[in-house]
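Shown next, in structure tokens, is the structure this report addresses.
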Amino acid sequence: MTLLAVTGPEVGSLDAMVPLELSDDLREFARASSIEELTKLAREVVLDPSYPTVRAWTRGGRGAVGCFPVYTPQELVHAVGLLPVSLHGGGESVEISHADAALGSFLCSISKSTLELALTARLAPFRAFVFPYICDVSRNLEGIFSRLLPGAVTHMLHLPQNFQSPATVPFLTAEYRRLLAKLEKAGGDPYRPERLAASIELFNQQRARIAELTRTKRNEPGKLTLTESYLIRRLGALLPREVHIQLLDRVRTELGERPNRAKDSIRVLLIGPFCEQPTLDLIDLVEQVGCYIVDDELLQLHRWYDRIEPGDDPLSSLAAAYVESPVDIGVRAAPSRKGEAILRRVEAAQAQGVIFLTAKFCEPALEDVVLYRKALDRQGIPYLHLEFEERSTSYEQTRLQLETFVESILFD
Amino acid sequence: MESAVAAEPKFLASAREQQRRMVEEYYEGLAHAGGPKKPVAYMLVGGNLTEIVRSFGYEVVFPEIVALNCAIKHVSLPNILHAESQGYGLDVCSYVKNDLGLQELGGETPFGRIPPPDLLVCSFSGCYVYVKWWEALAEKYGCPLFMLDVPYMRDDRPQAEDLQYLVSQLNEFIALLEKTTGRSFDLAELRRVLAQSRRAEEGWVDYLDSGRRRPSPIEAYFEAVFYMFPINVLRGTEAAATFYASVNAEVLERIETGRFPVPEEKFRLVVEGVPPYPSYRTFWDFFRKWGAVSVAATYPKVGGLFDRGFLHDPARPLESIAEYSLGAYVNQAWPLRRKLIEEYVRDFSADAVLIHGIKSCRSFTAGQGDLRDWLIHDLGIPTLYLESDHEDPRYFAPAQVKNRMDAFFESLAPRRRTPPVSMGTA
Amino acid sequence: MTLVAGVDIGSTTAKCVLLEEGKVIGKSLAPVGVELVKDAERALAQALTETGRERREVRVVTGTGYGRFKVTFGQFTLTEIGCHAKGSHFLFPATRVVLDIGGQDTKAIKVNDQGEVIDFAMNDKCAAGTGRFLDVCAGALGFDVSEIGPLSQGARHPVKVTNTCTVFAESEVASYVARGKDPRDILAGLYESVVSRSLSLLQRVGIEPEVTFTGGVSRNEGVVRALDRRLGYPSNVSSLSQYVGAIGAALHGLARAEAATT
Amino acid sequence: MISCGLDLGAGTTKGVLLEDGERVLASASVPTRGNPVERGRQVLELLVEEVNALPDDVEYLCTTGAARYAFPDRNLQVSDITASGRGAVFLNPATRHVVDIGNQSSRAMSVSETGRVVRFKMNEKCAAGAGRFVDRCAKYLQVPLEEMSPKALAAANPKIISSVCAVLAETEIINNVAEEVPLADILMGVYLSLAQRAYLLMRYVGIQPEVTLVGGLVRSEAMVRALERTAKVPVGAPPMGQHAAAIGAALLGYTRMQKLSAKPASPVVTA
Ligand SMILES: Nc1ncnc2c1ncn2[C@@H]1O[C@H](COP(=O)(O)OP(=O)(O)O)[C@@H](O)[C@H]1O
Ligand SMILES: Nc1ncnc2c1ncn2[C@@H]1O[C@H](COP(=O)(O)OP(=O)(O)O)[C@@H](O)[C@H]1O
Ligand code: SF4
Ligand code: SF4
Ligand code: SF4
């Protein structure tokens, strides 16, 4: 395989476009004075596969770490002075030509586009990559990265699935130490508990604000669109956390003044896209056809926990938080509880139906859908299952199905 | 050129017969199992805890093995289709679909009825789908599930904290078994069972090692898959312990009488990946026609990499079970997998590598493309990549597979790394 | 003086070449029907007629292509992969990579300096991006596939072909036509999509110059241009490009015949 | 009151006029040929002509089908799945399960007694499971489309096609021809392979009697037989089944029109 050989200009792709340039201190975000402006800027950042915010950050000699979703303890990365950034794939703009060869045909888009970005030097701003064992694909991807990017530090983080054993927290704490050792290799500062405690507190603040944003969407769904909520949240793992917290405060103030424009839409729970993210067009479409997404599984990373108490030993507190109190999603074992869980969530969100939006080939998500379906069928709650891929540009069939779903609830 | 007629595959005659009987007896035994008297534990092959469970009197069902038996017998498709009608998509591992479909349809197979589980033991070793699969079984049956979390192997040797974590989970597992069966744990019995396991493992390793000879007296993929059954399913029993002695006796006989898996060994292969069970024979025949024999393979090691130095040790019962779980082939990170394959090619003087990718198994398959790339371009080892499925007959297109295979062997002939062993004229 | 023949029975067309003294002295091309054995015989007969030679003068006949086993009158059969490699090496000795796009599949083949296959990758399962794809789409535009090659010349805003399915792409093309899109832009979009699918196969074997483009689709200059643009350098395309498989087969046969005489 | 339902399908454009939500006054269809808007207008003209009415007599027009948004002179648009569910129940009120096989897609749905779609599943992105496959086979085998079904019904040992791709299946069919498989067996194999795909969708949704086939394939008795044979349930095939979605659209248009006249100025929901 020839590395880094981007061949010719790619028609219709973003490669042909000038990547967004941001100032080193990301002042643009400070200047964004309204949600509209902020989401416009966010859209540009999200659609630019060359990670402009990260390049801006690293220009000053600072280091960044790419974290594959989900459950990577980004607090740890932050605590050693590196910028934790979520790798959320390539979206609609990255054409896959190198990654297919390494990965094979039957894999989710996020794995392919992430590798494609790496092989076309667009992940150059990162010094290290962390892949959590959330599924076999993420895990194996680390093995491929370690070979194809010999210059970068890569780490596969084993996430435990036994949540009963008293030995799990000590094990995970040891796992986190292994990660710390790798981060140090990537230029991170040596681990100091008090810095981790401070990072945990900072992330707590970010999470609290995001929780508030998602509560608003649930209680007053006409106040902001799913796309807005999504873009604002998505920035949370692309910007320094301190900057994002300020943005969220501004958003909160503005939302306080926005009217809750009620539409004749149905209240829907959006389950499944916890790892690979749907394209912005698809996220738009889901509400456009007449849904209010009152709760979703997009970008779980800001929402695993309510709050983590750093305690005396923040490292094991962080480990304990993963073992004891996170949100359950498809990549965390919860035997015998899946059916119940979905019903509780429907109830909590007062949803009229559920849309399963799962990444094509994402096996953990696909397998849960069956268990969820059974429980929903028992209660007669309508649902729709759709699969998505990053590079789809035509949503005719998706739109058709979404409309049918909405019509089946709205028309009697 | 491929030879015009391919001889029928000849197994080690009486060992194969013995193996058949063992399989039959096993499934007959299952038909009467279940309930408090003879409780049934479901287990996964990778990193399984057969010895412990057996020492508590459980019968063991391996749904993966049941699934592959269904596929070889061409009865997997109805189960798969049933699971798809329940909502399992096209891209879900078809072992899972075969099993869950079979469960829903009542568990009847041509080799007997598979009893429902009284206990689910999930050894999360090397495949995340294991977790999802067992979750679904737990949701269906509501029986207890023990999750053995096996850290992924990223370094050559197991780390102390990994072993500690595993041993402590094993102790918890034993406590659970004591509680559910009302029996107390018998360390002496476990040691005895482990000693039996070790005998079987030693015999299995001898069998596998004979692939080093030229010509190879064994077929280390297609044939070895049959002999995996005792090592995976019946480990710890007397039957498994003695089985490999008869296998190896026959291997010797083959060497003496010159009856080899292919009449004329032209190509020696290392094979990586799960076999295409629904078209096992067809696939194998394609190879035989070209005089190709597998001399080593990774798949027969999914139940344990015994041939790389690990053997169960009755003197360190729990520690060695922990090491065993860590060492399953799929639990090895890619750098370790790559190294193993490279060693096989060298140690077994192979000419080429065959990779068989499974469309619905991401655990094994994600990254095989990169492996292929590395073998061909970095190591210069001719490699053929083929893709189908391990359970779903809809994904095997014989004409396409044959075309690729023919092209590969045509091109391999002039590039062979080692001169062919000739026992006649071409 | 040895006269040998290569007969390539593809999914779409039957090709035959006659080779003598390292030169192609005759050839024939016809669509395949349902009776492949007859098609094969006819291909050879036609090439012979064209050159005025007799069947009995032909030393060796070698069959290749999907229907190679239907060349029942031949002495050898070989897969088209090996033949395209050999044929490309014969026409362009510096070939390292062959891209063969035929009627229903696409192959990328890596070859060494002897024209031997080192590695190959091919698509299957789906007709998207193959010759058939272009045949069907050409039909939707009201052309024959042999005419559309030059017509993308001058395209300014290539359309994006969103449907990868051959059948649906056909209707997509039809709807572009209905919307009054410039056929040049539609064709350019189609070529782009064919090339981008082939590139990912080429990446599988590793791209290095020289790249030789063979198979029926290489006769389409629009696809060739799109490929060259993406490669960043020109690919080799011979006027005999659709016959490369048959040439390779003939060469293999020749080698065999020579090996037998010495 | 007259409402019109226009089904702007990928293969065929169909329309009906419905009186008071009860009686079908007229129906028409023309091949779409990539120009749905033009064909829609044409169908509308044909409909109006058939009942000797004026275009203005059509009080409400509801579009459905792939190009439902493209047709400018509409009052409402609904998805073709919603519409064909309604239409199927209109055509046979006992229907609880609808299979709709059209030119580009096939769907299965379970429906309530009012024709509301309760659950549905459609094939995605691959032509191997839709009417287009039959059309191509017809072309390839040089059998007129109308004769495909009658010929297939004579099959003694249908030869099921294993290729997953509609295009590559043609090669397989050629091989079958070469191997002298009787034409009838090949043709029935085509329908059976469609039926097998539809059956997967049906099972996902859950099969409940009565099952009704709608969409263009309803015109082929062989398709009905193939479905029955595969799904092992009786399958109804209403003569107007190809117009089911158009009828459903007209019905929904009628309901909407009534609501509007009861309660003025409610905005159109889906946009
Ligand atoms: N004159 C031509 N100009 C452009 N394309 C052509 C021409 N002739 C054939 N083709 C293309 O080549 C394809 C057939 O390629 P070929 O290599 O002969 O296929 P196969 O070997 O599979 O039969 C046709 O499907 C068509 O798309
Ligand atoms: N006269 C006919 N005889 C048999 N089949 C027909 C006939 N007319 C149409 N069909 C079948 O119906 C399909 C079109 O179905 P239809 O439901 O109208 O499609 P769409 O709504 O997608 O345009 C055609 O592809 C063809 O297979
Ligand atoms: S999208 Fe699903 S399969 Fe892919 S990496 Fe994420 S969790 Fe794994
Ligand atoms: S390793 Fe592969 S085949 Fe085995 S259970 Fe996991 S996904 Fe399925
Ligand atoms: S998508 Fe189209 S071209 Fe591809 S397999 Fe399906 S029918 Fe064939």
Side-chain angles (χ1 to χ4, degrees), chain A residues 1 100-108 111 133-144 146-148 155-156 158 160-168 170-171 174-175 177-178 330-339 358 360-364 366-371 373-374 385 387, chain B residues 83 86-89 91-93 96 100 120 122 124 126-129 131-139 142 145-149 151-152 154 159 161-162 164-169 172 330 333-335 337-338 357 359-370 372-374 377 385 387:
Chain A
M1 166 173 302
D100 258 345
L103 281 168
S105 332
F106 300 100
L107 294 185
C108 55
S111 59
Y133 192 169
I134 51 163
C135 68
D136 301 320
V137 179
S138 164
R139 178 198 75 190
N140 287 8
L141 198 52
E142 189 272 340
I144 300 169
S146 68
R147 183 175 97 79
L148 295 180
H155 186 65
M156 200 230 73
H158 184 90
Q161 296 294 335
N162 182 342
F163 303 111
Q164 255 71 55
S165 171
T168 306
F171 165 75
E175 264 299 308
R177 282 193 191 282
R178 284 193 218 184
V331 289
R332 221 183 107 90
S336 313
R337 297 205 311 267
K338 292 269 146 134
T358 59
K360 182 125 181 71
F361 305 115
C362 175
E363 205 164 355
L366 286 174
E367 273 153 356
D368 276 0
V369 168
V370 185
L371 305 184
R373 266 176 55 130
K374 284 194 176 135
H385 182 190
E387 293 186 18
Chain B
Q86 304 285 300
Y88 287 99
D91 308 314
V92 167
C93 167
V96 176
L100 297 178
L120 293 163
C122 184
F124 168 45
C127 171
Y128 193 78
V129 172
V131 173
K132 308 307 295 176
W133 187 351
W134 256 233
E135 267 182 346
L137 287 170
E139 193 102 1
L145 182 151
F146 183 81
M147 179 71 71
L148 179 76
D149 181 31
Y152 195 51
R154 290 150 286 176
Q159 301 287 304
E161 61 255 30
D162 297 347
Q164 241 168 31
Y165 178 40
L166 275 167
V167 169
S168 117
Q169 291 182 79
E172 290 154 29
V330 259
W334 264 119
R337 278 173 75 178
R338 284 193 288 263
K359 68 157 279 281
S360 71
C361 168
R362 279 149 273 271
S363 175
F364 240 98
T365 310
Q368 281 180 337
D370 183 56
R372 166 191 179 284
D373 193 63
W374 173 71
H377 298 118
Y385 185 86
E387 200 166 56

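Below, chain A is the first sequence line, B the second, and so on; all start at residue 1.
- Heavy atoms closer than 4.5 Å to chain B are found in the backbone of A:I134, but not in its side chain.
- Top candidate by heavy-atom pairs under 4.5 Å with chain B, chosen from A:P166, A:S146, A:P170, A:C362, is A:P166.
- When the candidates A:A334, A:G339, A:A174 are compared by the number of heavy-atom contacts under 4.5 Å with chain B, A:A334 comes out ahead.
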Evaluate A:Q161 against B:E135 for side chain to side chain contact (heavy atoms under 4.5 Å, CB included), listing each step before the verdict. CA-CA 12 Å; A:Q161 296 294 335; B:E135 267 182 346; over 6 Å; no

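- Proximity to chain A (any heavy atom under 4.5 Å) is shown, for B:A136, by both the backbone and the side chain.
- Proximity to chain A (any heavy atom under 4.5 Å) is restricted, for B:V96, to the side chain, taken from C-beta onward.
- Contact annotation for B:C93: both backbone and side-chain heavy atoms come within less than 4.5 Å of a heavy atom of chain A.
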For B:Y128 and A:R139, what are the C-alpha separation, side-chain angles and deciding distance, and is it a side chain to side chain donor-acceptor pair (under 3.5 Å)? CA-CA 9 Å; B:Y128 193 78; A:R139 178 198 75 190; over 6 Å; no

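- Only the side chain of B:R154 comes within contact range of chain A, judged by heavy atoms closer than 4.5 Å.
- With a 4.5 angstrom heavy-atom cutoff, B:V92 touches chain A via backbone and side-chain atoms both.
- No donor-acceptor pair under 3.5 Å is formed between the side chain of B:T365 and the backbone N or O of B:K359.
- Neither the backbone nor the side chain of B:W134 comes within contact range of chain A; no heavy atoms are under 4.5 Å apart.
- Heavy atoms of A:R177 lying under 4.5 Å from chain B are absent altogether.
- Taken from NZ in B:K132 to SG in A:C135, the straight-line distance is 10.5 Å, to the nearest 0.5 Å.
- With a 4.5 angstrom heavy-atom cutoff, A:T168 touches chain B via backbone and side-chain atoms both.
- Heavy atoms closer than 4.5 Å to chain A are found in the side chain of B:P335, but not in its backbone.
- B:F124 touches chain A through its side chain: at least one heavy atom from C-beta onward sits under 4.5 Å away, while N, CA, C and O do not.
- Ranking A:Q164, A:H385, A:E142, A:M156 against chain B, the residue ahead of the rest is A:M156, based on heavy-atom pairs under 4.5 Å.
- Using a 4.5 Å cut-off between heavy atoms, B:Q86 touches chain A through backbone and side chain atoms alike.
- Among A:R337, A:K360, A:K338, A:K374, the residue with the largest count of heavy-atom pairs under 4.5 Å with chain B is A:K338.
- At a 4.5 Å heavy-atom cutoff, the contact between A:R178 and chain B is made by side-chain atoms alone.
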B:L100 vs B:Y88, test: side chain to side chain contact (heavy atoms under 4.5 Å, CB included). Steps then yes/no. CA-CA 9 Å; B:L100 297 178; B:Y88 287 99; 3.2 Å; yes

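- Salt bridge status for B:R338 with B:D370: present, with a side-chain N to carboxylate O gap under 4.0 Å.
- With a threshold of 4.5 angstrom between heavy atoms, B:S168 approaches chain A through side-chain atoms but not through N, CA, C or O.
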